[in-house]
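Below is one structure; the comments refer to it alone.
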Amino acid sequence: MTQPTKTLLERRYSMLGLLLIAPTVLVFCAVIVYPLVSAVYLSLFKIFTPTLEGSWVGLDNYRTLLAKGEFWTSLRNNLIWTVGTLSLQILFGVGMALVLHQNIWFRSLARSLILFPYFISTVVAVLVWKWLFNDLYGILNHLMMSAGLIAWPIDYLGSMPNAMISVILVGAWKYFPFVVIAVLARLQTIPEQLYEAARIDGAGPIARFFDVTLPQLRDVLVVIIMLRAIWDFKEFDLIFLLTGGGPVTSTQTLPLLVYKEAFALNQMGMASAYAVIMMLIMLVFMIVYIRRTRQEGS
Amino acid sequence: MADVVFANVQKRFGSFTAVEGLDLDIRQGEFICLLGPSGCGKTTTLRMLAGLEFPSGGEIRIGERVVNDVAPGERDIAMVFQSYALYPHMSVGQNIAYPLKKRRVPKSERAEMVAKTAEMLQLTPLLHRKPKELSGGQQQRVALGRALVRDPKVFLLDEPLSNLDAKLRGHMRSELIELHQRLGRTMVYVTHDQLEAMTMADRIAVMEGGKLQQFAPPQEVYRAPANRFVAGFIGTPGMNIADGVLRADDGAWVFEAPGLSVAAGDLTAEAQAGPAAMGIRPEGLSIGAGPIKGEVQVVERTGHENIVIVRVGDGMRMTCRTAPDRIWKVGETVQMAVDAAQAHFFAEGPTGRRLNRAGATGALLHPELKEATS
């Protein structure tokens, strides 16, 4: 067998390709591969954060954390938060996208306004929500009391399950615009003739949603759910600022636990071990996502 | 018996009038083509019949029923779209079964009807494929199958062949004709392609500017166009139309244009002395001898005939169809003659009415269709 020899031009093209991709590869190594490897490496040590000095403990950190109740509570909280907020985001997001896809007179204004929660900084959003939720001066309690719905102010963030529900709701409010925009973009590409054909075939509005709209949204929904699941799973700032993981550890998710271990308890090694476990869990999402996109590519 | 009736139907989009005062009587089992250039209102007309647009005025009837306020799914019609509009996530079988499913046809019956339709359209081996795995022609057939399976009263086809390549289009054309003969159903077919209309239709409704220009069998549309627009629109190469004046000369009409004088013979009472136009098809002109002098500009050889474009008088170009045995050279000066029996005369204006007495050009006028034309 003869090897196909490359012409000079072909070789020049591949050189150019390598040259163009090199900066990306270097940056990728510096900001992704190096931290990843060092996190795995650190997780095998017992390290005191302020000095970064420590001793080799092998897999002890992992053994400890898997035996600790706090890890499992946090994992459970993490899953409740992710599933809860993601379902609401999808529900609100798709619903709102369908509304905004209609020919309503305030459509273009509403389309821009809907992005507001997504654009606003998390710190600002959380401060606003904390005021709304406040048990003494919060407008939510005030309105509900004057409407006669409740007799006493509700403690939205300081008791369970209110705290988890509040966090999930704020998360859904903050991130559902992403779903709206992605779904709306897809809705606009569904050919009008499909709906017309369905009408002639005798399909009513509900049948048209399930037989035309939803199947067309399927692919984009899979991508949105994958991406948002990964992002929600590692959400830190919103929960940290809103409840700090409290009351006690009721809304403490894994990212908050990592932070606590690393900077409150000064256990960098242990924190790394948590982070590595988190990464493994998210790897499942990533593999599903990658397989999904590869299928579509082929 | 009329199967589909448009009675003074209007359609306005804001201040734009898409269809104006449309009257059409379509008989049961007829194959009708709505023909016209883009924006003439033909698709709007079809969509009103389908129930996808609501008429701004007038009445549409299918059978005995006024359908102005009837939902598309309840009109007993089926439609084939230009883009086929197949449901992409459903297999061929599911696509064809969908209208039955929505009408709650029992599953066993459904399977039988789908199988029968697939058989007829040679789709049986493709029933489990998805639309995107099919060629354009196969997708077209599935779209037809979805329309056929329900055996509706009226079939609506919106330029169904325009996304196919030329060869397949010719093939599908004959298949559609055959299908129509077999089913005997009323079909309303929208097209901008006059070849499709001429070859398939029982009657052609020529539309322009939202108005019906002529509604007649293909031969009549070709040989006795109702007005100047129809004359110019139908036929390839198009009819030669010369602007000039009509003059009464001793009781006989004479048409005169620069370098051209033709005895117009017997015209209708509408004829007036003054500006008018004469139309003559390329086969009504002969090169060789005659009173018209011109210079050959272009010669197109198609094999079975030659199309010769000649510059006449003050620059007017006339297209002439000649036998292939004589080759005319570009630049050659030639003499031409108009076969007066084949000349059409039109009143002034872009849709000026034809002034010949019916049959004066040897057109085959069907007596029973006269009322539809007038």
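Residue numbers begin at 1 in each chain, while the letters A, B, ... track the order of the sequences.
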A:Arg12 atom CZ: more than 12 heavy-atom contacts under 6.0 Å: no
A:Ile120 atom CD1, over 12 foreign heavy atoms within 6.0 Å: yes
B:Glu112 atom CD, neighbour heavy-atom count above 12 within 6.0 Å: no
Proximal to chain B - members of residues 196-211 of chain A, heavy-atom separation under 4.5 Å: A:Glu196, A:Ala197, A:Ala198, A:Arg199, A:Ile200, A:Asp201, A:Gly202, A:Ala203, A:Ala207, A:Asp211
Engaged part of B:Arg150 at the chain A interface, taking heavy atoms whose separation is under 4.5 Å: side chain
For A:Val212 against B:Tyr87, the heavy-atom pair lying closest together: CG2-CE2, 4.2 Å
Heavy atoms of other groups near B:Arg182 CZ, more than 12 under 6.0 Å: yes
Shortest non-hydrogen separation from A:Leu194 to B:Pro88 and the atoms involved: CD1-CD, 4.0 Å
Inter-residue atom distance A:Gln193.CD - B:Leu86.CG, 0.5 Å rounding: 11.0 Å
Residue B:Ala78 versus chain A: region with a heavy atom under 4.5 Å: backbone
CZ (A:Phe116) with more than 12 external heavy atoms under 6.0 Å: no
Neighbour count above 12 (heavy atom, 6.0 Å) for B:Met200 CE: yes
Exceeds 12 heavy-atom contacts within 6.0 angstrom, atom CZ of B:Arg65: yes
Toward chain B, the part of A:Glu192 with a non-hydrogen atom under 4.5 Å: neither
